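All values derive from a computational prediction rather than experimental measurement.
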Amino acid sequence: MYEEVARHAYYAAFHAAQALIFERIGKVSKTHTGTHSLFNSVARSEPALNLEIRSFLKISYDYKTVADYETGASGASEID
(Lines give C-alpha, C1' and ligand atoms only; values in the text may rest on other atoms or scores of the structure.)
Protein backbone atom coordinates (compact mmCIF):
# COMPACT_ATOMS: atom_id res chain seq x y z
CA MET A 1 0.00 0.00 0.00
CA TYR A 2 2.79 2.46 0.85
CA GLU A 3 4.34 2.05 -2.57
CA GLU A 4 1.05 2.94 -4.27
CA VAL A 5 0.58 5.98 -2.03
CA ALA A 6 4.13 7.14 -2.83
CA ARG A 7 3.58 6.78 -6.58
CA HIS A 8 0.21 8.53 -6.58
CA ALA A 9 1.44 11.39 -4.38
CA TYR A 10 4.39 11.96 -6.68
CA TYR A 11 2.33 11.86 -9.87
CA ALA A 12 -0.21 14.27 -8.39
CA ALA A 13 2.63 16.70 -7.63
CA PHE A 14 4.26 16.04 -11.03
CA HIS A 15 1.09 16.82 -12.98
CA ALA A 16 0.35 19.87 -10.84
CA ALA A 17 3.89 21.11 -11.53
CA GLN A 18 3.42 20.53 -15.27
CA ALA A 19 0.15 22.49 -15.17
CA LEU A 20 1.76 25.40 -13.33
CA ILE A 21 4.69 25.45 -15.77
CA PHE A 22 2.36 25.48 -18.76
CA GLU A 23 0.15 28.16 -17.22
CA ARG A 24 3.05 30.46 -16.37
CA ILE A 25 5.48 30.03 -19.27
CA GLY A 26 3.65 27.95 -21.86
CA LYS A 27 6.21 25.15 -21.92
CA VAL A 28 5.71 21.41 -21.54
CA SER A 29 8.39 19.03 -20.37
CA LYS A 30 7.79 15.33 -20.79
CA THR A 31 10.67 14.21 -18.56
CA HIS A 32 10.84 14.13 -14.80
CA THR A 33 14.15 16.01 -14.75
CA GLY A 34 12.92 18.70 -17.12
CA THR A 35 9.72 19.17 -15.16
CA HIS A 36 11.62 19.41 -11.87
CA SER A 37 13.99 22.00 -13.34
CA LEU A 38 11.27 24.15 -14.90
CA PHE A 39 9.13 23.87 -11.79
CA ASN A 40 11.98 25.11 -9.61
CA SER A 41 12.47 28.08 -11.92
CA VAL A 42 8.79 28.98 -12.00
CA ALA A 43 8.14 28.30 -8.30
CA ARG A 44 10.80 30.75 -7.14
CA SER A 45 8.66 33.62 -8.38
CA GLU A 46 5.43 32.28 -6.85
CA PRO A 47 4.90 33.80 -3.39
CA ALA A 48 2.23 31.20 -2.53
CA LEU A 49 4.74 28.37 -2.97
CA ASN A 50 6.88 28.31 0.16
CA LEU A 51 10.01 26.19 0.46
CA GLU A 52 8.11 23.24 1.95
CA ILE A 53 5.71 23.11 -0.99
CA ARG A 54 8.48 23.64 -3.55
CA SER A 55 10.50 20.76 -2.10
CA PHE A 56 7.57 18.30 -2.16
CA LEU A 57 8.12 17.38 -5.83
CA LYS A 58 11.71 16.26 -5.21
CA ILE A 59 10.92 14.48 -1.94
CA SER A 60 7.94 12.64 -3.40
CA TYR A 61 10.06 11.64 -6.43
CA ASP A 62 12.60 10.08 -4.06
CA TYR A 63 9.84 8.05 -2.36
CA LYS A 64 8.43 7.00 -5.74
CA THR A 65 11.87 5.85 -6.84
CA VAL A 66 12.29 3.77 -3.71
CA ALA A 67 8.83 2.28 -4.21
CA ASP A 68 9.56 1.45 -7.84
CA TYR A 69 13.12 0.18 -7.74
CA GLU A 70 14.56 -0.55 -4.31
CA THR A 71 13.71 -3.67 -2.36
CA GLY A 72 14.89 -4.86 1.02
CA ALA A 73 15.92 -8.34 2.13
CA SER A 74 12.29 -9.36 2.52
CA GLY A 75 11.48 -8.20 -1.00
CA ALA A 76 9.33 -5.31 0.25
CA SER A 77 10.15 -1.74 -0.60
CA GLU A 78 11.79 0.26 2.14
CA ILE A 79 10.15 3.63 2.76
CA ASP A 80 10.88 5.36 6.05
Side-chain angles (χ1 to χ4, degrees):
M1 177 174 77
Y2 298 117
E3 291 87 358
E4 285 299 311
V5 170
R7 276 187 213 95
H8 289 296
Y10 169 69
Y11 280 112
F14 179 77
H15 292 299
Q18 285 182 316
L20 179 67
I21 293 163
F22 184 76
E23 184 66 28
R24 296 296 186 261
I25 62 175
K27 291 186 178 181
V28 175
S29 176
K30 294 184 181 183
T31 67
H32 296 275
T33 304
T35 298
H36 291 211
S37 178
L38 286 173
F39 175 73
N40 286 330
S41 295
V42 169
R44 281 189 214 112
S45 63
E46 293 286 331
L49 299 178
N50 62 31
L51 183 58
E52 185 177 10
I53 293 171
R54 291 193 318 251
S55 62
F56 183 78
L57 185 64
K58 167 72 170 107
I59 292 167
S60 63
Y61 180 76
D62 292 343
Y63 280 117
K64 180 201 101 44
T65 300
V66 169
D68 286 347
Y69 302 111
E70 296 181 20
T71 59
S74 66
S77 295
E78 296 176 15
I79 299 178
D80 295 321

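Residue pairs meeting the ring-ring contact (aromatic ring centres under 6.0 Å, His included) criterion with at least one member in residues 38-60, sequence neighbours excluded, do not occur. Screening residues 36-48 for salt bridge (Lys or Arg N to Asp or Glu O under 4.0 Å) gives Arg24-Glu46 as the qualifying pairs, with residues at least two apart or on separate chains.
When all heavy atoms are compared, the tightest approach of Val42 to Ser45 is O-OG, 3.0 Å. Counting all heavy atoms, side chain and backbone alike, Arg54 lies closest to Ala43 at CD-CB, 3.4 Å.
With sequence neighbours excluded, the residues forming a salt bridge (Lys or Arg N to Asp or Glu O under 4.0 Å) with Lys58 are Asp62, listed by chain and number. In terms of the salt bridge (Lys or Arg N to Asp or Glu O under 4.0 Å) criterion, Glu52 has no residue partners (sequence neighbours excluded). Judged as a ring-ring contact (aromatic ring centres under 6.0 Å, His included), and not counting sequence neighbours, the contacts of Tyr61 are Tyr10, His32, His36.
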Side-chain donor-acceptor contacts of residues 11-18 below 3.5 Å, not counting sequence neighbours, with atom names and distances?
from	atom 1	to	atom 2	distance (Å)
His15	ND1	Gln18	OE1	3.2
Gln18	NE2	Ser29	O	2.9

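To the nearest 0.5 Å, atom OG of residue Ser41 and atom CD1 of residue Ile21 are 8.5 Å apart. Within the model, atoms CZ of Arg7 and CG of Asp68 stand 4.5 Å from one another, a figure rounded to the nearest 0.5 Å. Interatomic distance, Leu20 CG to Thr35 OG1, rounded to the nearest 0.5 Å: 11.5 Å.
A donor-acceptor pair under 3.5 Å is absent between the side-chain atoms of Ser37 and the main chain of Thr33, judged by distance alone. In this structure, Ser60 contributes its side chain and Leu57 its backbone to a donor-acceptor pair below 3.5 Å.
Atom CD of Glu23 sits in a sparse spot, with 12 or fewer heavy atoms from other residues, nucleotides or ligands closer than 6.0 Å.
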